[in-house]
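Structure, as C-alpha cells:
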Amino acid sequence: MNPNQKPDFFEQVFQVVRLIPVGRITTYGAIARYLGSAQSARMVGWAMNASHQVHPQVPAHRVLNRSGCLTGKMHFDEPNAMQSRLEAEGIMVVGDQVQDFERVYWDPSQELAL
DNA sequence: CGATTGACGTACG
DNA sequence: TCGTACGCCAATC
C-alpha cells in the first residue's frame, strides 16, 4: 500500500466487518451508512473485493446484500466457501439465501451505536 | 481523458 | 407482490 495511510474508506469497511460477531451478518448498505456513505453501498462491495489480500481475515462472508443473498459467493476462492462458513457459524443458508435474516442481522450503527 | 462496469439500494410500473 | 429502471462513487478498460 501507499505510505499515505490515511483513513481509507476500504480500511474503515474492513474494521467494521471484523467486528461482526460470529453467527451474525450485516449488509453493504448498513456498513456504508455507518461510514457516512449510505449512497455508496457499491463501494463497500468494492472494498470487499480487496478484503482478500487485506489483514488477517476479513469475514466478508458475513456481509450480504439487502436481500440477505450471497451475492459475493462467486468472488471467493470457492463459491462454496461462503455458504459453508455461514453454516459453520450457525447461519442457515438455502438457495444462496440466508434464513432468519432478520434474526442474524447485525447493524453496526445499532450495535456500535455511538 | 472519456466511457463502462460493479460483492447495492431505492424508486417506479 | 414481483420485475425493471435509475442513481452513486470509484476503479478499470
Side-chain angles (χ1 to χ4, degrees):
Chain A
M1 292 297 187
N2 296 330
N4 299 329
Q5 286 292 318
K6 68 178 182 181
D8 286 339
F9 180 80
F10 280 41
E11 189 173 345
Q12 290 277 76
V13 175
F14 303 145
Q15 178 92 13
V16 175
V17 174
R18 280 187 226 131
L19 293 173
I20 302 173
V22 178
R24 286 274 163 66
I25 57 174
T26 189
T27 68
Y28 303 98
I31 297 171
R33 187 174 67 172
Y34 176 71
L35 298 178
S37 299
Q39 295 164 317
S40 305
R42 285 187 163 163
M43 297 300 91
V44 178
W46 203 263
M48 293 282 92
N49 196 353
S51 68
H52 284 279
Q53 67 179 5
V54 177
H55 221 270
Q57 291 176 334
V58 180
H61 60 273
R62 293 179 189 156
V63 184
L64 316 171
N65 68 353
R66 194 76 169 92
S67 304
C69 184
L70 284 60
T71 51
K73 61 177 291 183
M74 46 165 64
H75 287 264
F76 281 77
D77 293 341
E78 293 185 16
N80 209 17
M82 193 170 186
Q83 181 173 343
S84 297
R85 286 187 177 186
L86 289 173
E87 289 180 338
E89 296 183 354
I91 299 174
M92 294 180 291
V93 180
V94 179
D96 299 342
Q97 183 177 328
V98 175
Q99 305 300 301
D100 294 327
F101 175 72
E102 295 178 0
R103 192 181 67 166
V104 297
Y105 180 68
W106 180 86
D107 189 343
S109 63
Q110 183 176 0
E111 300 298 325
L112 303 179
L114 306 182

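These numbers were taken from a predicted model, which means no experiment stands behind them. Just so you know, these numbers use all the heavy atoms, side chains as well, and skip hydrogens, waters and symmetry mates. Residue numbering restarts at 1 for every chain, and letters A, B, ... go by the order of the sequence lines.
In this structure A:F76 satisfies the ring pair (Phe, Tyr, Trp, His ring centres under 6.0 Å) test together with A:H52, sequence neighbours excluded.
Look at CZ on A:R66: it is 24 Å from P on B:dG6, rounded to the nearest Å. Atom pair A:N65:CG and B:dG6:C1' shows a separation of 13 Å (rounding to whole Å applied). Rounded to an integer number of Å, the gap from A:F10 CZ to B:dA7 C1' is 12 Å. In this structure, the CD atom of A:E78 is 19 Å from the P atom of B:dA7, given to the nearest Å. Following rounding to the nearest Å, A:Y28 (OH) and B:dG6 (P) show an atom-to-atom distance of 15 Å.
Within the structure, every pair that satisfies the side-chain hydrogen bond (donor to acceptor under 3.5 Å, both in side chains) test and touches residues 90-104 of chain A, not counting sequence neighbours, is listed here: A:K73-A:D96.
In the interface, the side chain of A:H61 is not paired with the base of B:dA7 through any donor and acceptor atom under 3.5 Å apart.
A:A32 comes within 4.0 angstrom of no nucleic acid atom, judged by non-hydrogen atoms across all strands.
Mapping A:W46 and A:A30 onto DNA chain B by nearest heavy atom places A:W46 closer to the 5' end of the strand.
Checked by atom type and distance alone, the side chain of A:R62 pairs as donor or acceptor with a backbone atom of A:I20 at under 3.5 Å.
The 12-atom threshold is exceeded at CE of A:M92, counting heavy atoms of other residues, nucleotides or ligands nearer than 6.0 Å. Residue A:R18 qualifies as enclosed at atom CZ: its count of foreign heavy atoms under 6.0 Å is above 12.
Of all nucleotides in DNA chain C having an atom under 4.0 Å from a heavy atom of chain A, the first and last in 5' to 3' order are C:dG7 to C:dA11.
Between the side chains of A:E87 and A:Q83, at least one donor N or O lies within less than 3.5 Å of an accepting N or O.
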